[in-house]
Amino acid sequence: MSSVQEVNPRVRGVRAPTSLQSLAARITEEITQGVKKPFQKVIDISSGDPQRAGMAPISFVRQVVAACLYPELLKEESLPLDVRQRAQELLGACGGSVGSYSKTSCGIPHVQKSVADFITRRDGGVRSHPEDIIFSSGSQKTLSLVLHLMASGEGKTQTGVLTPMPCPQTLPTLLDLSRVTLAPYQLIEGRGWAVDLDELRHALKTARGCCEPRAIYISNPGNPSGHVQDRKTIEEVIRFAAAEGLVLLAEEVYQDSVYGQDKEFISYKKVLFEMDKEYSENVELISFNSISNACTGECGLRGGYMEVINMDPAVNTYLRKMQATSSPPVLPQLALEVMVNPPSPGDVSYKTYTQEILHTQATLSQNAQRACEFLNDLPGMNCQPAMAGVFLYPRLHLPPQMIEEAKMLGVEADVLYCRRLLEEEGLCLGAGCENGQEDQNHHIRLCVLAPPATLEEILARLRSFHLRLLDRFP
């Protein structure tokens, strides 16, 4: 893969500093062995995993999945009736046992239909077709299928994908493994990490000297930026993709977690199909969603789907054949079905389900506001307010001495910051270089979907370390 610097010198390399995760694991092991630390446990908020951060799972999802795993529970009257009915229905759809393969290489037809119905409702009647839905073990796995299909060439003829900076932390590695060139375009931090059309044009022109751009990756709501694109921006991106012959790859996994005032999620598909036919019938779009999103939060089940729009039928067929060698796991599909088809008014579980979802959304919204205000009050740090998603992505204004020390140690300055924070306070954050950024800037990434008491402990540890650091480097 062509390096990021070769494509755009404004952007630093985005290799994931996996040593932070290894260090967190080592410190945790030392604590279990009785080694004294200034903290009792490591708090890991580097990933968008709400359950790792302490949030409870959604009861209805877990109850249905449990009954599908152990059908003897269908006899338990302690389980709500609608839970048992849903489990019985899903067991019938998957052949009577979650231990069986999916009925088709792309997934269980019943679940495909449920997802298509969900998308149709979400987009105000814009029709979705079950045959356009393909399941896999997480949205990144489905994306990798697409990337492997698109990958070709070497050097200046190698497939490139226009990629937002900052981008999802796993994306650079996924592009690398797929032998696809990462062609970066900068999001505008001063405008809340907005997509800028002039920047897209500049990034495309720059990339064409180093690779053959064939797609543009969009994260909406932004991961990790929390930015929510409005209709005007989405239309501009669609027109840009159409004019340049680019496939649109739309990651929309945080569509359930928009909390910014006067903000709403609008899918790329909905906007596309409300545009003129020259766009709605021709722009190639693949959108991705996952059960790892904020409200369902079942990251460990690894379930996701993609919807394939306006692609050549041969491409759709080929994607299905690529899945045929390893049919998608059954259990995540069942959890996906529950996510897109939750209890309805009048169902026994409706009240509890609604209360739990509203609690998650309220916690996320309040935490994001609280943490953003806190971070902006710290000297040497500023944070754009997030409008959706589970991350804040504040910018660090680090002392020059620390930047020089990082250079001497051969690490990025934000990695050094996170390493010291982990060693001194037991707080594991993500380093901004995982997500990509401009040369002179440094960022950290933290998940704010945690119980409020846990968030307060996180902020207290961060403040203690940050102020000590500034005292150390006056």
Side-chain angles (χ1 to χ4, degrees), residues 41 48-103 107-115 117-118 121 135 137-138 253 256-257 289-305 328-367 390 449-455:
K41 66 175 182 178
D49 185 343
Q51 293 186 32
R52 174 178 290 184
M55 295 296 291
I58 300 299
S59 300
F60 188 74
V61 176
R62 285 297 177 90
Q63 289 169 337
V64 172
V65 169
C68 289
L69 274 169
Y70 188 61
E72 287 295 311
L73 291 175
L74 295 173
K75 304 172 186 176
E76 284 288 335
E77 294 189 2
S78 59
L79 279 179
L81 177 61
D82 55 345
V83 167
R84 287 176 280 148
Q85 290 174 334
R86 180 67 64 86
Q88 189 73 61
E89 177 184 318
L90 292 177
L91 281 170
C94 67
S97 173
V98 298
S100 302
Y101 286 123
S102 288
K103 288 186 176 181
I108 301 168
H110 175 83
V111 183
Q112 285 177 296
K113 183 178 184 304
S114 289
V115 171
D117 290 345
F118 157 75
R121 292 193 306 272
F135 296 115
S137 53
V253 299
D256 70 331
S257 58
N289 199 2
S290 165
I291 55 174
S292 299
N293 62 35
C295 288
T296 302
E298 292 291 356
C299 303
L301 284 179
R302 309 303 300 149
Y305 69 82
V330 169
L331 205 59
Q333 292 182 68
L334 304 187
L336 268 169
E337 202 280 339
V338 176
M339 180 185 84
V340 301
N341 185 23
S344 301
D347 292 345
V348 179
S349 298
Y350 177 75
K351 182 178 179 180
T352 299
Y353 175 85
T354 303
Q355 288 174 340
E356 291 177 350
I357 291 292
L358 290 176
H359 172 71
T360 298
Q361 292 173 334
T363 299
L364 178 56
S365 175
Q366 292 162 11
N367 282 2
V390 300
L449 184 50
T454 301
L455 178 69

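Quantities reported herein were computed from a predicted structural model and do not represent experimental measurements.
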- request: Determine, step by step, whether F118 and N341 satisfy the side chain to side chain contact (heavy atoms under 4.5 Å, CB included) criterion, reporting the C-alpha distance in whole Å, the side-chain angles of both residues, the deciding distance to 0.1 Å, and the verdict.
  value: CA-CA 7 Å; F118 157 75; N341 185 23; over 6 Å; no

message: Checking V65 against L331 for the side chain to side chain contact (heavy atoms under 4.5 Å, CB included) test, could you report, in this order, the C-alpha distance in whole Å, the side-chain angles of both residues, the deciding distance, and whether it holds?
response: CA-CA 7 Å; V65 169; L331 205 59; 3.7 Å; yes

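In this structure, CD1 in I357 is found 12.0 Å from OG1 in T352, a value given to the nearest 0.5 Å. Here the CG atom belonging to L336 is positioned 7.5 Å from the CG atom belonging to N289, to the nearest 0.5 angstrom. In this structure, CE on M55 lies 9.5 Å from OG1 on T454, to the nearest 0.5 angstrom.
Counting only distance, with no hydrogens or angles, the side chain of T363 and the backbone of H359 share a donor-acceptor pair below 3.5 Å.
For N293, there are no side-chain hydrogen bond (donor to acceptor under 3.5 Å, both in side chains) partners two or more places apart in sequence or in a different chain. Every side chain to side chain contact (heavy atoms under 4.5 Å, CB included) that P80 has, sequence neighbours left out, goes to Q63, D82, V83, V348, S349. E77 meets the side-chain hydrogen bond (donor to acceptor under 3.5 Å, both in side chains) test with no other residue; sequence neighbours excluded. In this structure, the side chain to side chain contact (heavy atoms under 4.5 Å, CB included) partners of L74, at least two apart in sequence or on a different chain, are A67, P71, R84, A87, Q88, L91. Evaluation of the side-chain hydrogen bond (donor to acceptor under 3.5 Å, both in side chains) rule for E356 yields S59 as partners, not counting sequence neighbours.
Screening residues 294-303 for salt bridge (Lys or Arg N to Asp or Glu O under 4.0 Å) gives R62-E298 as the qualifying pairs, with residues at least two apart or on separate chains.
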